[in-house]
Amino acid sequence: METTAIIASFAALSQQTRLEAFRLLVRHEPEGLPAGEIARQLSVPHNTMSAHLSVLARAGWVVSRRQSRSIIYRADLSHMKETIQFLVRDCCAGRPEVCEPLMDALGQCHPESKET
């Protein structure tokens, strides 16, 4: 990922509604949500939400597919992974033990690694 692409990517998330929409879609992976449902859950007018989703799609954060008359949006987790990898690529000047707390925290996102 190039620096200009990562800057554009972060710019897309630097607005509250777009950030909330992306986080909502991450919580609804892998099914995704219809655009109208995203708007309803975030209490945003449909046309405004559509504009926000377009910004997120252009930046690579979401993907969409048509299902009957609805457009279903999903978080693009591969884009999120690439972004995180960009941020930590040169992590800790080659001392991976310094980054272990970060990697452990990211590992807690997986249901298999949560304690029951």
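Under the 4.5 Å side-chain criterion, counting only non-hydrogen atoms from C-beta, Val62 is not in contact with His79. A 4.5 Å side-chain heavy-atom check between Ser9 and Thr83 finds at least one atom pair inside the cut-off. Under the 4.5 Å side-chain criterion, counting only non-hydrogen atoms from C-beta, Leu77 is in contact with Met80.
Both Leu53 and Leu42 belong to a common hydrophobic cluster when Ile, Leu, Val, Met, Phe, Trp and Tyr are linked at side-chain heavy-atom distances under 4.5 angstrom. Hydrophobic clustering (side-chain heavy atoms under 4.5 Å, transitive across Ile, Leu, Val, Met, Phe, Trp, Tyr) keeps Val55 apart from Tyr73. Residues Ile72 and Ile38 do not share a hydrophobic cluster, defined by chaining ILVMFWY side chains whose heavy atoms lie under 4.5 Å apart. The hydrophobic clustering, which links ILVMFWY residues whose side-chain heavy atoms are closer than 4.5 Å, places Val63 and Leu13 apart.
The main-chain N or O of Asn47 is never found under 3.5 Å from a side-chain atom of Ser50 such that the two would form a donor-acceptor pair.
Salt bridge status for Arg40 with Glu37: present, with a side-chain N to carboxylate O gap under 4.0 Å.
By the 30° and 60° cut-offs, the orientation of the rings of Trp61 relative to Phe22 is perpendicular.
The two residues Gly60 and Asp76 come nearest to each other via the heavy atoms O-CB, 3.3 Å. Taking all atoms of both residues into account, the shortest heavy-atom contact from Ala21 to Leu56 is CB-CD1, 4.2 Å. Across every non-hydrogen atom of Ala59 and Ala8, the tightest pair is CB-O, 4.2 Å. When all heavy atoms of Ala11 and Arg18 are compared, the pair lying nearest together is O-NH2, 3.9 Å.
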Cut-off 3.5 Å, no hydrogens considered: what does the side-chain donor-acceptor table look like for residues 24-31, sequence neighbours left out?
unit_1	atom_1	unit_2	atom_2	d
His28	ND1	Leu24	O	3.0
Glu29	OE1	Arg74	NE	3.3
Glu29	OE1	Arg74	NH2	2.5
Glu29	OE2	Arg74	NE	3.3
Glu29	OE2	Ala75	N	3.1

* To do: Using the side chain to side chain contact (heavy atoms under 4.5 Å, CB included) rule, take Thr17 and Met49 through it: C-alpha gap first, then chi angles, then the decisive distance, then the call.
  => CA-CA 8 Å; Thr17 301; Met49 191 73 252; 4.2 Å; yes
